[in-house]
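To keep things clear, I will list the structure first and then write my remarks on it.
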Amino acid sequence: MADMNAFRDEVGRWAAGGPGDAAGELAAALGVRTAVLLEGPSDLAAVETLAARRGRDLAADGVCAVSMGGAMNIARYAGLLGPPGLGLRLTGLCDERERSFYDRGLRRAGALPGGFFVCVADLEDELVRALGPERVEEIIRAEGDLRPWQTFLNQPAQHGRPRRQQLRRFLGTKKGRKIRYGHLLVEALGTGRVPSPLDDLLTSL
């Protein structure tokens, strides 16, 4: 039986230059109405974790979150999934420094840029600020990453940098770490601590 993962896979193949027929057929079969465009898999992990925490079944609501493999792919995915392609409602997250790029890419695809929610630096930074550096370090210790964290802090490039920036950089230093902590940091959030861009995105779905 087809599911949102199959649709997501077909969208990825389509974006890579393959045919889009299968993606269109799955979208119709699954009742997909909204595509949540996210820069990468760590953002996807965070969105899906928060949705699960809130008891939301995004698939049942016709919502599919899609990792684009980088912000530079926004125009491509918006063209495939938005008005020129499948005609889905588009929303998602973007970083402040890439906001104008997103706006241009969405407009080229005939989509409204107002449906995207903006993180000041990126989602990891939003999560670190929401939890506080001390709590994030507790999670790092609990996950058995204390030694690599200490090694990272001893690097000359990290001397004198604010702890929040160090934590944000550390999360991206090893393949898969951002994805794992995207899930863990959202799990650790209290009900009142969810960063505004992430909270507003889920509320809009």
Counting C-beta onward and ignoring hydrogens, is there a side-chain heavy-atom pair between [X] and [Y] closer than 4.5 Å?
X: Tyr181; Y: Asp145; result: yes
X: Leu30; Y: Met4; result: yes
X: Ile140; Y: Leu167; result: yes
X: Phe117; Y: Ser196; result: no
X: Leu189; Y: Pro195; result: yes
X: Leu81; Y: Leu37; result: yes
X: Phe116; Y: Leu93; result: no
X: Leu88; Y: Arg33; result: no

Give the minimum heavy-atom separation between [X] and [Y], together with the two atoms involved.
X: Phe7; Y: Cys64; answer: CD2-SG, 3.6 Å
X: Ala109; Y: Pro84; answer: O-CD, 2.9 Å
X: Arg164; Y: Val128; answer: CG-CG1, 3.4 Å
X: Glu96; Y: Val120; answer: CB-O, 3.2 Å
X: Tyr77; Y: Gly12; answer: OH-CA, 4.1 Å
X: Phe101; Y: Ile74; answer: CE2-CG2, 3.5 Å

Any Lys/Arg nitrogen of [X] or [Y] sitting under 4.0 Å from an Asp/Glu carboxylate oxygen of the other?
X: Lys178; Y: Glu39; value: no
X: Glu143; Y: Arg180; value: yes
X: Asp125; Y: Arg129; value: yes

Indicate if [X] and [Y] have the same hydrophobic cluster label, given that clusters are the connected sets of ILVMFWY residues with side-chain heavy-atom separations under 4.5 angstrom.
X: Met68; Y: Val32; answer: yes
X: Met72; Y: Leu38; answer: no
X: Leu90; Y: Val47; answer: no
X: Val11; Y: Leu44; answer: no

Taking atom [atom1] of [X] and atom [atom2] of [Y], what is their separation to the nearest 0.5 Å?
X: Glu126; Y: Cys119; atom1: CD; atom2: SG; result: 4.5 Å
X: Asp43; Y: Asp122; atom1: CG; atom2: CG; result: 7.5 Å
X: Arg141; Y: Arg147; atom1: CZ; atom2: CZ; result: 14.5 Å
X: Glu187; Y: Leu50; atom1: CD; atom2: CG; result: 9.5 Å
X: Leu131; Y: Glu137; atom1: CG; atom2: CD; result: 12.0 Å
X: Ser67; Y: Asn73; atom1: OG; atom2: CG; result: 9.0 Å

Discussion item. Assess the residue pair Arg193 and Asp199 against the criterion (salt bridge (Lys or Arg N to Asp or Glu O under 4.0 Å)); give the C-alpha distance rounded to whole Å, side-chain angles, the decisive distance to 0.1 Å, and a yes or no.
Written reply: CA-CA 9 Å; Arg193 291 183 177 178; Asp199 185 39; over 6 Å; no

Would you say [Y] and [X] are linked by a side-chain donor-acceptor pair, where the criterion is simply a distance under 3.5 Å?
X: Gln166; Y: Arg169; result: no
X: Arg168; Y: Gln165; result: no
X: Asn5; Y: Arg8; result: yes
X: Thr49; Y: Arg53; result: no

Is a donor on one side and an acceptor on the other found under 3.5 Å between the side chain of [X] and the backbone of [Y]?
X: Arg97; Y: Ala121; answer: yes
X: Arg76; Y: Ala15; answer: yes
X: Arg56; Y: Thr203; answer: no
X: Asp95; Y: Glu98; answer: no
X: Thr91; Y: Gly115; answer: yes

Worksheet item: Going through the distances and angles, do Val36 and Leu201 end up as a side chain to side chain contact (heavy atoms under 4.5 Å, CB included)?
Response: CA-CA 9 Å; Val36 181; Leu201 172 63; 3.9 Å; yes

Item to complete: Take Glu10 and Asp21, measure what side chain to side chain contact (heavy atoms under 4.5 Å, CB included) needs, and give me the verdict at the end.
Response: CA-CA 9 Å; Glu10 287 299 335; Asp21 293 349; over 6 Å; no

Fill in: Steps toward side chain to side chain contact (heavy atoms under 4.5 Å, CB included) verdict (Leu185, Leu171)
CA-CA 11 Å; Leu185 298 185; Leu171 296 179; 4.0 Å; yes

Worksheet item: Where do Arg89 and Leu205 land on the side chain to side chain contact (heavy atoms under 4.5 Å, CB included) test, with the steps shown first?
Response: CA-CA 10 Å; Arg89 173 197 170 213; Leu205 298 177; 4.2 Å; yes

Worksheet item: Does atom CZ of Arg99 have more than 12 heavy-atom neighbours, drawn from other residues, nucleotides or ligands, at distances under 6.0 Å?
Response: no

Item to complete: Assess whether atom CG of Leu112 is packed by more than 12 heavy atoms of other residues, nucleotides or ligands within 6.0 Å.
Response: no

